[in-house]
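Hydrogens, waters and symmetry mates are skipped; everything else that's a heavy atom, side chains included, is used.
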Amino acid sequence: MGNKANFICCLCIFTYMSTFPAVDMIEEVDVVLKRQHGKHKHGETKMFVFGDSYVDTGNWPKSMSSSWKEPYGFTYPGFPSGRFSDGLVLTDFIAAFLGIRSPEPYGNRKGSSHERDNYGVNYAYGGTGVFNTFVIQPNMTTQINYFQQLLQEEEQVYNKENMSSSIALVSVAGNDYATFLTKNNNNMEDLGNVTKSILSQLELNLRRIHGLGVQKIGITSMEPIGCLPKMTIASSYENCSESANSLSIFHNQMLHQIIEKLNNQTGRQPIFFIIDLYSAFMTALNIQQNHPGNSKFENPLKPCCIGKSNEYSCGDKNKYVLCNNPELSFFWDVIHPSQQGWFAVFSALKPSLGSLL
């Protein structure tokens with residue numbers, strides 16, 4: 001999501017997301033991950049990324065995103081890199097698990113070498129969704145259009161043989177819900193139909209990505225939005241919102257049905273896989289009955305970086321408060337995990353990620 005603090009004005013329970021160039025991040029991730037080989041029997045793994053700020057690694061212009069302002073990037077690389085975190089984000093950890101560098105952001109591809117392109121391309125734009133949201137950036141359909149255009153223009157790099165070990169990472173939907181609720185004054189009366197509409201379009205998009213040659217597709221479930229600091233601030237960061245989490249659960253239940261249907265229709269080998277962010281967040285936060293239990297994080301539901309008042313957010317010059325030890329915070333800002341938070345989420349996800357190999 002781009003500058004989420006500005007974009008989400010409803011319940012603010014959904015993920016607006018953004019980021020920027022993953023310059024040889026694999027070397028840094030190697031410190032915390034055991035390096036994989038990154039090769040299938042048909043060649044180098046390629047990863048194509050679609051969605052919002054949990055997976056965006058740099059498609060927003062620097063002048064338009066707070067993720068390019070201090071203190072973002074505080075832990076890694078030590079200055080703002082465009083990620084909505086103090087360091088690495090989900091894409092970086094999954095790419096490292098696959099044994100490749102984070103794919104080059106689409107907006108940063110001009111002049112990139114074929115060596116760079118060998119790892120794929122990241123089309124995700126923070127703040128976007130399946131449909132149009134409040135940010136004037138490409139929604140998922142347009143992101144796929146960019147992908148299709150690339151395949152047509154660079155057939156030598158993205159031919160059938162080279163795409164045989166390709167993987168897609170998809171993270172969308174939170175911003176679609178945020179947009180709907182904002183436009184409808186937080187009225188959740190028609191939310192069931194909205195969920196059906198979002199997932200119906202997502203299903204078409206997933207079919208299209210696979211039709212363009214991607215062999216395996218990982219789709220994130222919705223995280224427990226009731227545990228985001230934007231929601232837990234009402235309880236002084238002590239408890240998750242059960243009602244907000246129920247929306248995540250409902251969305252995820254329907255998502256599972258869609259993925260099961262898609263796999264039943266594509267044959268014996270599963271193509272589509274759910275990356276269960278909901279369970280991973282709950283495990284990393286050790287949530288017990290909406291309250292975090294013992295964990296290595298000092299106050300699991302409290303962000304490390306927050307605006308000094310409601311008018312400000314992390315990244316607003318001289319208007320934010322920063323914690324002393326980001327590595328002890330699960331959340332970096334009011335929406336996004338810290339690098340250590342993402343590592344905890346990845347650690348919970350890792351046993352299930354073998355399906356992408």
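With Asn122 contributing its side chain and Val55 its backbone, the two residues share a donor-acceptor pair below 3.5 Å. For Asp333 (side chain) and Cys314 (main-chain N/O), no donor-acceptor pair under 3.5 Å exists by modelled atom type. Lys216 places no side-chain N or O within donor-acceptor distance of the main-chain N or O of Ala168, the cut-off being under 3.5 Å. Counting only distance, with no hydrogens or angles, the side chain of Ser235 and the backbone of Thr232 share a donor-acceptor pair below 3.5 Å. In this structure, Asn184 contributes its side chain and Asn187 its backbone to no donor-acceptor pair below 3.5 Å. Checked by atom type and distance alone, the side chain of Thr133 never pairs as donor or acceptor with a backbone atom of Gly129 at under 3.5 Å. Under a 3.5 Å cut-off, the side chain of Lys46 and the backbone N or O of Met163 do not form any donor-acceptor pair. Checked by atom type and distance alone, the side chain of Ser241 never pairs as donor or acceptor with a backbone atom of Gly226 at under 3.5 Å. Of the possible polar contacts, one joining the Ser221 side chain to the Leu277 backbone as a donor-acceptor pair under 3.5 Å is found. Using a distance-only test at 3.5 Å, with no hydrogens or angles considered, no donor-acceptor pair links the side chain of Asp190 to the main chain of Asn193.
No side-chain heavy atom of Glu203 sits under 4.5 Å from any side-chain heavy atom of Leu206.
We find the CG-OG distance between Leu88 and Ser81 to be 8.0 Å, quoted to the nearest 0.5 Å. Residue Leu228 holds its CG atom at 8.0 Å from OG of Ser248, rounded to the nearest 0.5 Å. Of the inter-residue distances, the one linking Thr195 atom OG1 with Leu202 atom CG reads 12.0 Å to the nearest 0.5 angstrom. Interatomic distance, Leu169 CG to Ile217 CD1, rounded to the nearest 0.5 Å: 11.0 Å. With rounding to the nearest 0.5 Å, the separation of CD1 in Ile167 from CG in Leu353 is 10.0 Å. Note that CD1 of Ile219 is 7.5 Å distant from CG of Leu262, once rounded to the nearest 0.5 Å.
Legend: residues meeting salt bridge (charged side-chain N to carboxylate O under 4.0 Å, His left out) with Glu327, ordered by chain and number and at least two apart, are absent. Considering only residues two or more places apart in sequence or on other chains, Lys296 meets the salt bridge (charged side-chain N to carboxylate O under 4.0 Å, His left out) condition with none of them. Arg208 meets the salt bridge (charged side-chain N to carboxylate O under 4.0 Å, His left out) test with no other residue; sequence neighbours excluded.
Within 6.0 Å of atom CG in Asn264, more than 12 heavy atoms from other residues, nucleotides or ligands are found, so the atom counts as buried in its surroundings. More than 12 non-hydrogen atoms from other residues, nucleotides or ligands lie less than 6.0 angstrom from CZ of Phe131. The number of heavy-atom neighbours closer than 6.0 Å to CD1 of Ile136, taken from other residues, nucleotides and ligands shown, is 12 or below.
A salt bridge between Glu70 and Lys317 is absent, with no side-chain N of the basic residue lying under 4.0 Å from a carboxylate O of the acidic one. The existence of a salt bridge linking Lys308 and Asp316 is excluded, since no basic side-chain nitrogen approaches an acidic carboxylate oxygen closer than 4.0 Å.
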Exercise for the section: Test Glu223 against Tyr278 for side-chain contact (heavy atoms from CB on, under 4.5 Å), laying out the working first. Expected result: CA-CA 4 Å; Glu223 73 279 8; Tyr278 189 96; 5.9 Å; no
Practice task
For the pair Phe331 and His336, evaluate ring pair (Phe, Tyr, Trp, His ring centres under 6.0 Å) and give the outcome as yes or no after the intermediate values.
Solution key: CA-CA 6 Å; Phe331 285 105; His336 306 91; 9.3 Å; no
Problem - side-chain contact (heavy atoms from CB on, under 4.5 Å) between Thr182 and Phe134, intermediate numbers included - result: CA-CA 10 Å; Thr182 299; Phe134 290 119; 3.5 Å; yes
Exercise for the section: Dump the intermediate steps for side-chain contact (heavy atoms from CB on, under 4.5 Å) on Tyr119 and Ser102, then the final yes or no. Expected result: CA-CA 7 Å; Tyr119 303 112; Ser102 280; over 6 Å; no
Exercise for the section: Check step by step if side-chain contact (heavy atoms from CB on, under 4.5 Å) holds for Gln340 and Phe330. Expected result: CA-CA 6 Å; Gln340 195 63 36; Phe330 178 86; over 6 Å; no
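A side chain to side chain contact (heavy atoms under 4.5 Å, CB included) with Pro326 is found for exactly one of Pro71, Cys305, Cys304, namely Cys304.
Listed by first and then second residue, the disulfide bond (SG atoms under 2.5 Å apart) pairs that reach into residues 140-175 come to none, sequence neighbours excluded. Identified under the disulfide bond (SG atoms under 2.5 Å apart) test for residues 154-228, with sequence neighbours left out: Cys227-Cys240. Screening residues 229-260 for ring pair (Phe, Tyr, Trp, His ring centres under 6.0 Å) gives Tyr177-His251 as the qualifying pairs, with residues at least two apart or on separate chains.
A perpendicular orientation is assigned to the rings of Tyr54 and Trp342, their planes being inclined by more than 60° (bins at 30° and 60°). Between Phe50 and Tyr123, the two ring planes are parallel [angle under 30°; tilted spans 30° to 60°]. The aromatic rings of Tyr72 and Trp332 lie perpendicular to each other, with more than 60° between the two planes, well past the 30° mark.
When only modelled atom types and interatomic distance are considered, Arg207 and Gln265 share a side-chain donor-acceptor pair under 3.5 Å. No side-chain donor from either of Asn286 and Ser295 sits under 3.5 Å from a side-chain acceptor of the other. Side-chain contact annotation: Asn139 with Asn132, donor-acceptor N/O pair under 3.5 Å present. Looking at Ser236 and Glu238, their side chains never bring a donor and an acceptor atom within 3.5 Å of each other. Side-chain contact check for Gln137 and Thr142: no donor-acceptor pair (N or O, by modelled atom type) lies under 3.5 Å. Using modelled atom types and a 3.5 Å distance limit, the side chains of Asp86 and Thr75 yield a donor-acceptor pair. Between the side chains of Thr128 and Asp52, no donor N or O sits under 3.5 Å from an acceptor N or O. Side chains of Asn108 and Glu104: a donor on one and an acceptor on the other come within 3.5 Å. Side chains of Glu153 and Gln149: a donor-acceptor N/O pair is present below 3.5 angstrom, by distance only.
Between Ile198 and Ala173 the shortest heavy-atom distance is CG2-CB, 4.2 Å.
The distance between the ring centers of Phe48 and Tyr158 falls below 6.0 angstrom.
Val345 and Leu328 end up in different hydrophobic clusters when Ile, Leu, Val, Met, Phe, Trp and Tyr side chains are linked at under 4.5 Å.
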